Amino acid sequence: MFDDRSPIYRQIAEQIKGDVLRGVLKADEQVMSTTQYAAYYRINPATAAKAFQQLVDDGVIYKRRGVGMFVAEGAQQQLRAQRRERFFADVLEPMIAEARALDIALADIVTRIQQLDEPGDAR
């Protein structure tokens, strides 16, 4: 489940964010406790707690004292907006810069994207 590309707590946080983004976890739905998470994935409970604290700090989940952690209202929309911005910055802007360097017209890029987006795509 975990790899060496980033710290485990970040991978846990990203996995939970992904579940919220895809609707696997919905607003006000309870998430696994840090203890359950640590036991299930056989990791240090402090590592799971660090991931959950990051999610609280990011506004993705919130704590109900004595009850557990829950997905925050609007978390899915917040994550979607963040990922869209990251997509434009990390994917689209470098792609356009490369296209300009290769003298590829924006219209050609749009046409290719539309072809790829058609049912039974043209790949």
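In what follows, residues are counted from 1 in the order of the sequence shown. Keep in mind the model is a prediction, meaning the values are calculated, not measured.
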So does Asp3 have more than 12 non-hydrogen atoms from other groups sitting under 6.0 Å from CG? yes

All heavy atoms of Gln76 vs all of Gly23, minimum pair found to be NE2-N, 3.7 Å

Assess whether side-chain contact (heavy atoms from CB on, under 4.5 Å) is satisfied between Ile43 and Phe2, documenting all intermediate values. CA-CA 10 Å; Ile43 59 173; Phe2 303 112; 3.9 Å; yes

Salt bridge (charged side-chain N to carboxylate O under 4.0 Å, His left out) contacts in which one or both residues fall within residues 50-79, not counting sequence neighbours: Lys17-Asp58

Can you give me the closest heavy-atom contact between Pro94 and Ala89, atom names plus distance? CD-O, 3.3 Å

Heavy-atom closest pair (Gly59 atom, Ala72 atom, distance to 0.1 Å) is O-CB, 3.2 Å

Give, for atom CD1 of Ile61 and atom CD of Gln30, the distance between the pair rounded to the nearest 0.5 Å. 10.5 Å

Do Val31 and Leu79 belong together in a cluster built from hydrophobic side chains that touch within less than 4.5 Å? yes

Which is it for Asp108 and Arg112 under the side-chain contact (heavy atoms from CB on, under 4.5 Å) test, yes or no, and what are the steps along the way? CA-CA 6 Å; Asp108 292 342; Arg112 180 65 63 101; over 6 Å; no

Salt-bridged, Asp19 to Arg22, with N to O below 4.0 Å? yes

What heavy-atom pair brings Pro45 and Ala38 nearest, and what distance separates the two atoms? CA-CB, 3.6 Å

Is Phe70 isolated, or which residues cluster with it under the ILVMFWY side-chain rule of less than 4.5 Å, directly or via members? Tyr62, Val67

Give a yes or no on whether a salt bridge exists between Glu93 and Arg86, defined as a side-chain N under 4.0 angstrom from a carboxylate O. no

Any chain of hydrophobic side-chain contacts (each under 4.5 Å) joining Ile16 to Val56? yes

Under the 3.5 angstrom rule, does the side chain of Gln11 hit a backbone N or O of Ser6 as a donor-acceptor pair? yes

Same cluster or not: Phe88 versus Leu106, using hydrophobic residues (I, L, V, M, F, W, Y) connected whenever any side-chain heavy atoms lie under 4.5 Å apart? no

Check: Val71 and Asp28 side chains under 4.5 Å, non-hydrogen atoms: no

Please check if the number of heavy atoms outside Arg83 that lie under 6.0 Å from its CZ is greater than 12. yes

Using the rule that two of Ile, Leu, Val, Met, Phe, Trp, Tyr join whenever any of their side-chain heavy atoms come within less than 4.5 Å, decide whether Leu92 and Val110 are in one cluster. no

Is a side-chain N or O of Thr111 found less than 3.5 angstrom from the main chain of Ala107, in a donor-acceptor match? yes

Can you see which heavy atom on Ala75 is nearest to which on Val60, and at what distance? CB-O, 3.6 Å

Please report the shortest heavy-atom distance between Ala49 and Thr34, naming the atom on each side. CA-CG2, 3.7 Å

Whether the side chain of Gln36 engages the backbone of Ser33 through a donor-acceptor N/O pair (distance < 3.5 Å, no angle test) should be reported. yes

Leu25 reachable from Ile12 in the ILVMFWY side-chain graph, under 4.5 Å edges: yes

Those residues that, when tested against Tyr37, pass ring-ring contact (aromatic ring centres under 6.0 Å, His included) (two or more places apart): Tyr41, Phe52

Begin from the C-alpha positions of Leu55 and Met69 and carry the test side-chain contact (heavy atoms from CB on, under 4.5 Å) through to its verdict. CA-CA 10 Å; Leu55 292 166; Met69 304 277 201; over 6 Å; no

How far apart are the C-alpha atoms of Glu98 and Ile104, what are their side-chain angles, what is the distance that settles it, and do they pass the side-chain contact (heavy atoms from CB on, under 4.5 Å) test? CA-CA 9 Å; Glu98 181 70 12; Ile104 298 172; over 6 Å; no

